[in-house]
Amino acid sequence: MHIRPVLLSAVVLLGLGSCLKVIKPSKDFGQYENPIAPDYAQEASWAALPTRRDSADAVPRNTPFKDRQATAAADVFYVHPTTYYWRKQWNASLANDRLNQFTDDDVIRNQASAFNAAARVYAPRYRQATLYSFFVDDQSTNGQKALDLAYSDVKLAFQYYLANYNQGRPIIIAGHSQGTVHATRLLHEFFDTDPQLRRKLVAAYLIGFKVKTDEYQTLRPCADSTQTGCYVAWNTVAWGNAYPPFENGVAVNPLTWTLDTLAAPARLNLGGVGQDFNRLDVGVVDAKIHQGLLWVHPAKPLGYPRFLLPGQPQLWHSFHISDYGLFYANIRQNAVARVRAWQERAK
């Protein structure tokens with residue numbers, strides 16, 4: 001799930017009377033013809049590749065950051081969040097140029113770029129499930145079927161990446177929201193029970209969706225800033241508030257990279273990057289883990305919106321849209337540190 005504020009406004013205005021029905025597909029999943037499957041041998045099936053110029057090469061304006069993919073020792077396989085919320089069908093078409101441009105300009109730029117100092121960025125386009133898939137209000141399996149179709153693309157893309165691009169390099173897995181749903185599943189199928197592939201895992205950043213505390217047989221949450229072969233997760237919420245959908249999941253504090261519940265002061269925040277991607281807001285928020293949520297005092301600078309959906313007041317305390325942005329510089333630094341740690345341990 002990921003809605004940029006300007007587009008969110010349209011959803012809110014349209015949905016005031018009908019709530020989420022405004023983005024509900026009019027027919028069951030099986031009544032639509034699925035969009036054409038991607039061919040990952042074609043560059044057009046990727047939102048980001050390190051061999052061409054794309055939005056993952058960006059760095060926030062007015063910052064000292066540099067794109068270092070050309071010399072990076074690792075790869076990141078990044079799965080983007082939901083950017084498709086129309087009701088035309090349950091899964092997005094890769095031929096939707098408007099959607100692809102929005103995905104590139106928003107989440108590839110604002111999230112995937114956080115890894116371009118540590119790794120070459122690979123980000124597949126996929127037939128993502130529409131936003132309504134997460135809010136199905138009946139007993140149908142439409143939402144799950146849409147997510148399963150989306151995952152089939154992500155899995156195929158990862159298999160293509162392993163066979164054609166990886167060349168034995170260490171791997172970071174990263175996602176957000178729907179992307180994390182699929183990334184979590186990738187870890188199950190490819191890493192949790194495969195010691196050889198698991199040795200190549202630098203870390204997984206499973207951000208913006210609930211990861212259960214007993215999610216994996218072998219993989220464990222990262223307990224410090226340089227542990228490798230582990231995963232981090234968090235869901236950001238305004239301090240002192242509940243967020244039932246994601247409570248009691250795994251939470252790693254991105255200001256300390258630990259699992260404890262001590263409050264981390266804002267001085268540990270190396271800098272957030274807002275939706276406009278034009279500055280670094282050092283010390284933008286503090287952070288504390290509480291019952292599996294990451295509490296923050298709301299940011300004073302603009303550009304870090306709450307998650308507002310009509311008819312869903314339980315989400316209004318969430319900073320879901322800003323899970324990456326509030327901690328952009330910390331994520332960037334941590335990815336570099338973990339790759340270096342992986343290299344040292346591999347000697």
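Quick note: residue numbers are just sequence positions, from 1. Everything numeric here is computed off the predicted structure, so don't read it as measured data.
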In one Ile/Leu/Val/Met/Phe/Trp/Tyr side-chain cluster, 4.5 Å: V154, L197: yes

Does A146 offer a backbone N or O that forms a donor-acceptor pair with the side chain of S133 under 3.5 Å? no

When you compare the side chains of Q101 and D97, does any donor N or O come within less than 3.5 Å of an acceptor on the partner? no

Say you draw a straight line from CG of N334 to CG of L255; how long is it, rounded to the nearest 0.5 Å? 11.0 Å

For A329 and F65 the tightest heavy-atom approach is CB-CZ, 4.0 Å

Check against side chain to side chain contact (heavy atoms under 4.5 Å, CB included), F134 and L147: CA-CA 9 Å; F134 293 92; L147 288 165; 3.7 Å; yes

Is any side-chain heavy atom of I321 closer than 4.5 Å to a side-chain heavy atom of Q275? yes

R185 with E189: basic N within carboxylate O range, under 4.0 Å: yes

Close aromatic pair by centroid cut-off 6.0 Å: H320 and Y243: no

Pair N166, K200: side-chain N/O donor-acceptor within cut-off below 3.5 Å: yes

Check whether any side-chain N or O of D276 sits under 3.5 Å from a backbone N or O of N278 as a donor-acceptor pair, and report yes or no. no

Does some side-chain heavy atom of V284 sit less than 4.5 Å from a side-chain heavy atom of Y304? yes

Do other residues, nucleotides or ligands put more than 12 heavy atoms under 6.0 Å from L302 CG? no

State, with a plain yes or no, whether a side-chain heavy atom of F327 is found less than 4.5 Å away from one of I207. no

Can you find a heavy atom in the side chain of V59 that is under 4.5 Å from one in the side chain of R332? yes

Step by step, work out the side chain to side chain donor-acceptor pair (under 3.5 Å) result for D67 and Q69. CA-CA 6 Å; D67 172 23; Q69 291 181 78; 3.2 Å; yes

Determine whether Y151 and V181 make a side-chain contact, defined as any pair of heavy atoms from C-beta on separated by less than 4.5 Å. no

Output yes when a side-chain donor or acceptor of H188 lies under 3.5 Å from a complementary backbone atom of E215, and no otherwise. yes

Side-chain ion pair, R125 and D104, N-O less than 4.0 Å: yes

Just by distance, do the side chain of Y84 and the backbone of A129 share a donor-acceptor pair under 3.5 Å? no

Mutual orientation of the aromatic rings belonging to W239 and W295 [parallel < 30°, tilted 30-60°, perpendicular > 60°]: tilted

What is the distance from atom CG of D224 to atom OG1 of T226, rounded to the nearest 0.5 Å? 4.5 Å

For the CD atom of E247 and the CG atom of L293, what is their distance to the nearest 0.5 Å? 5.0 Å

Hey, mind stepping through D192 and L187 against side chain to side chain contact (heavy atoms under 4.5 Å, CB included) and telling me if it holds? CA-CA 6 Å; D192 196 34; L187 290 183; 5.8 Å; no

Nearest heavy-atom pair of L270 and L280: which atoms, and what distance? O-CD2, 3.8 Å

Residues that, via side-chain heavy atoms closer than 4.5 angstrom, fall in one hydrophobic cluster with L94: none

Where the side chain of T261 meets the backbone of H290, is there a donor-acceptor pair that is under 3.5 Å apart? no

Between I172 and V339, is any pair of side-chain heavy atoms under 4.5 Å apart? yes

Please check if the side chain of R120 supplies one atom and the backbone of L49 the other of a donor-acceptor pair under 3.5 Å. no

Take N164 and Y40, measure what side chain to side chain donor-acceptor pair (under 3.5 Å) needs, and give me the verdict at the end. CA-CA 10 Å; N164 295 277; Y40 290 108; over 6 Å; no

Under 3.5 Å: donor-acceptor pair, side chain of Q217, backbone of T193: no

Got a second to check how far Q178's CD is from H182's NE2, nearest 0.5 Å? 3.5 Å

Show your reasoning for whether side chain to side chain donor-acceptor pair (under 3.5 Å) applies to T228 and R345. CA-CA 9 Å; T228 58; R345 289 169 184 143; 3.2 Å; yes

When you look at F246 and F209, which way does the ring pair (Phe, Tyr, Trp, His ring centres under 6.0 Å) test go after all the steps? CA-CA 7 Å; F246 294 160; F209 213 84; 5.2 Å; yes

D54 bridged to R52 by N-O distance under 4.0 Å: yes

Here the gap from Y324 atom OH to H176 atom NE2, rounded to the nearest 0.5 Å, amounts to 7.0 Å

Strictly distance-based, threshold 3.5 Å: is any side-chain N or O of Q128 a donor or acceptor partner for the main-chain N or O of T83? yes

When rounded to the nearest 0.5 angstrom, what distance separates CG in L294 from CH2 in W234? 8.0 Å

So do the side chains of P38 and P124 get within less than 4.5 Å of each other, counting heavy atoms only? no

Do the non-hydrogen side-chain atoms of P50 and V121 ever get within less than 4.5 Å of each other? no

Any chance the rings of Y165 and Y160 have centres within less than 6.0 Å? yes

Does S318 reach the main-chain N or O of F307 with its side chain, forming a donor-acceptor pair under 3.5 Å? no

Salt bridge flag under 4.0 Å for residues D286 and K288: no

More than 12 heavy atoms of other groups within 6.0 Å of K88 NZ: no

Knowing that exactly one of Y78, Y161, F158, F115 qualifies, which makes a ring pair (Phe, Tyr, Trp, His ring centres under 6.0 Å) with Y122? Y161

Same cluster or not: V285 versus L268, using hydrophobic residues (I, L, V, M, F, W, Y) connected whenever any side-chain heavy atoms lie under 4.5 Å apart? yes

Quick one about T82 and S177 (side-chain donor to acceptor, distance below 3.5 Å, no hydrogens or angles considered), yes or no? no

Are any side-chain N or O atoms of T236 and backbone N or O atoms of F319, one a donor and one an acceptor, separated by less than 3.5 Å? no

Step by step, would you call N253 with T258 a side chain to side chain donor-acceptor pair (under 3.5 Å)? CA-CA 6 Å; N253 191 324; T258 61; 5.9 Å; no

Which residue, Y205, Y216, W257, forms the ring pair (Phe, Tyr, Trp, His ring centres under 6.0 Å) with Y231? Y216

